[in-house]
Asks: 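Mind having a look at this structure? Questions to follow.
All chains are named by letter (A, B, ...) in the order of the sequence lines, taking the proteins before the strands, and each is independently numbered beginning at 1. Note that the structure is a prediction, hence the values are computed from the model and not measured.
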Number of protein chains: 2
Amino acid sequence: MDGSTTPPAKPKRSRPVQVADQIKQWVVERDLKKGDKLPNESAMIELFSVSKGTVREALRILEAQGLIVTKTGPGGGSIVGEVSANRARSLLANYFYFQDLSVADIYQMRRALEPELAASLAGTLTEDQIAELQELAERYPEPAKSAEEEKEQHIASLVFHARLSEFAENKLLGFVIGFMANILTDMTVYRQLYDPPNVVLWSKGREHQLALVEALRAGQAEEARRIMASHMQVAEELMKVQEAHLLRRFMGD
Amino acid sequence: MDGSTTPPAKPKRSRPVQVADQIKQWVVERDLKKGDKLPNESAMIELFSVSKGTVREALRILEAQGLIVTKTGPGGGSIVGEVSANRARSLLANYFYFQDLSVADIYQMRRALEPELAASLAGTLTEDQIAELQELAERYPEPAKSAEEEKEQHIASLVFHARLSEFAENKLLGFVIGFMANILTDMTVYRQLYDPPNVVLWSKGREHQLALVEALRAGQAEEARRIMASHMQVAEELMKVQEAHLLRRFMGD
DNA sequence: CCCCCTAATTTATCATTATAATTTTTTCAC
DNA sequence: GTGAAAAAATTATAATGATAAATTAGGGGG
């Protein structure tokens, strides 16, 4: 999996890519952290014995991956910048742009993961976090009167899940759930509106979120898991009317 | 989530990034697919009214994201190239390089997802695929005699899971499971060896894999789910002796 | 002490030239 | 004709130099 394990694989990589790898190695060797400075352009030109253009292309490669940030001016230059969750989501979305995901696929994952997240968060949240979730869940107390309004409620619901995912101690679990919330939001924003609001299901969804907040506050892990599992069933019902396939666009940062 | 929804966010993006976005837009507008050609360098220079260096930096950005592939020579130039699973895994691994994942985190995910994958694959595999899995599971019929040999067996076991993930119809589920198998493999390759092989657990793991293959062949979804759930318990036992934190290195492509 | 202005530093962009890598075409032997 | 080697054409790759833009640092003037 690592480059060092494939000596005879690709003997022809462009010089900018090689330089980018050397810079990465340079950073790892020194165990540089988030804000630490890299050598400036002219220093890298000498360090790697390549031209300015090559160095700049290498820097753009690392920048595109979110590994560095570059500024102009004195004290400027490139610094190590940890990859943001947003950047990681965008890069991963590029992959699924070509993979033809369906709503059913995403809900198969959500059914498996969201209850797990709910259970693991029970009793671990601060009062502020609980309050924020409660506020999100209490928005839109009235049933949606139009398809447009239903769309807003749907997005608000996804914000609730996205926020929840940010609280996860398990960063992998949190990332995957947040990624799915992003995909569904993106899809909701750009979808056609053609179905009337389903009042019964929406009110059920709202009740679930409020009950979930209570269970999280009370530290009842299994109760939270159960509620979230029910909630996923409702959410899936609401999404089933969508087209099967999605992600026909790139995400921005 | 999309760039168009953030007007006051970043009014100053570098020209290479702007050009890269324009090229992406150019591709999406024309609904270009995997092998389709982009304009060549000099054409882009005129198209976007920027210099050669700027165009090249933009191309390196897109190349780093896996969105294009560039070749020299007549008929060469840049073409649309769908993001490979490997590339997506590497880019995502860069994110988790900064996130301090633990073995427990990964197994919380595996416990939730691997049984789901096993169940959904039951009865859907071809004879060739079943045969390949069986062959992978039947390797190392003898218990490991050394720590080094145990390492090999561990990696072979992860290859089994990685291969299984590639058969998934749900590309998101498959990707996440494959990603975790990659992380664990990477960790296993570079870990210290200090514990004697646990013969009992290893033989149990092997039996699980063989039984799983049978259940998959027979189309017994719930049996496959049950077996995989047990298997995850065993695998977690074997990994528990590892250090808690991992991913202290970048992955290559 | 504070504000503004200038100067210094560093990246950003452009322009030009030469080189390397590939593919296509041509040529020439058989 | 056929096939292989040589030549040509096309394209990206790389290097160099010059100028612009942005940002910080420092130096008065009040």
Side-chain angles (χ1 to χ4, degrees), chain A residues 8-24 26-27 32 34-81 253, chain B residues 3 8-24 26-27 32 34-81 87 253:
Chain A
K10 294 179 181 178
K12 34 184 171 176
R13 296 190 315 177
S14 75
R15 227 178 286 204
V17 173
Q18 288 179 42
V19 172
D21 283 344
Q22 286 178 297
I23 295 172
K24 271 206 279 190
W26 197 89
V27 169
L32 298 190
K34 168 151 176 173
D36 295 342
K37 269 182 61 101
L38 271 58
N40 65 20
E41 275 188 12
S42 51
M44 287 194 187
I45 291 169
E46 291 208 0
L47 184 55
F48 302 118
S49 302
V50 292
S51 75
K52 185 174 49 172
T54 303
V55 167
R56 301 196 99 258
E57 288 179 33
L59 293 177
R60 288 299 87 71
I61 290 170
L62 297 174
E63 202 174 56
Q65 298 175 346
L67 295 171
I68 67 168
V69 177
T70 301
K71 286 194 326 184
T72 63
S78 298
I79 62 175
V80 178
D253 296 338
Chain B
K10 296 177 181 177
K12 35 189 167 177
R13 296 189 319 183
S14 77
R15 227 178 285 205
V17 174
Q18 289 179 39
V19 171
D21 283 345
Q22 285 179 297
I23 294 172
K24 272 206 278 189
W26 198 90
V27 168
L32 299 190
K34 168 147 177 176
D36 296 342
K37 269 180 63 90
L38 271 56
N40 65 20
E41 270 187 14
S42 51
M44 286 193 186
I45 291 170
E46 291 209 0
L47 184 54
F48 302 117
S49 302
V50 292
S51 76
K52 196 177 185 112
T54 303
V55 167
R56 299 195 97 258
E57 288 179 31
L59 293 176
R60 287 300 87 72
I61 289 170
L62 296 173
E63 200 174 58
Q65 299 176 347
L67 295 172
I68 68 169
V69 177
T70 301
K71 286 194 324 186
T72 64
S78 298
I79 62 175
V80 178
R87 175 64 60 101
D253 297 336

Asks: Starting at CD1 of A:Ile79 and ending at P of C:dT11, how long is that distance when rounded to a whole Å?
Replies: 12 Å
Asks: To the nearest Å, how far apart are B:Asn40 CG and D:dT13 P?
Replies: 12 Å
Asks: Tell me whether A:Arg60 is salt-bridged to A:Glu57, with the criterion being a basic N under 4.0 Å from an acidic carboxylate O.
Replies: no
Asks: Take B:Pro39 and A:Pro74, find for each the nucleotide of DNA chain D with the closest heavy atom, and name the residue whose nucleotide sits nearer the 5' end.
Replies: B:Pro39
Asks: In this structure, how many angstroms lie between the P atom of C:dA21 and the CZ atom of A:Arg13, rounded?
Replies: 16 Å
Asks: Respond yes when some side-chain nitrogen or oxygen of A:Arg15 is under 4.0 Å from OP1 or OP2 of D:dT13, and no when none is.
Replies: no
Asks: Output yes when a side-chain donor or acceptor of B:Gln18 lies under 3.5 Å from a complementary backbone atom of B:Arg13, and no otherwise.
Replies: yes
Asks: Using whole Å, report how far NZ of A:Lys71 lies from C1' of D:dA21.
Replies: 15 Å
Asks: So how far is it from B:Ile68 CD1 to B:Leu32 CG, rounded to the nearest 0.5 Å?
Replies: 12.5 Å
Asks: Quick one, A:Ile23 and A:Leu59 - any side-chain contact, counting heavy atoms below 4.5 Å?
Replies: yes
Asks: Figure out the CE/P separation between A:Met44 and D:dA14, and round it to whole Å.
Replies: 17 Å
Asks: Answer with base, sugar-phosphate or nothing: what part of the nucleic acid does A:Glu41 contact at a heavy-atom distance below 4.0 Å?
Replies: sugar-phosphate
Asks: Okay, side chain of B:Arg15, backbone of B:Val55: is any donor-acceptor separation there less than 3.5 Å?
Replies: no
Asks: Measuring from atom NZ of A:Lys52 to atom CD of A:Glu41, what distance do you get when rounded to the nearest 0.5 angstrom?
Replies: 7.0 Å
Asks: Among residues 46-66 of chain B, which residues get a heavy atom nearer than 4.0 Å to DNA chain D?
Replies: B:Lys52, B:Arg56, B:Arg60
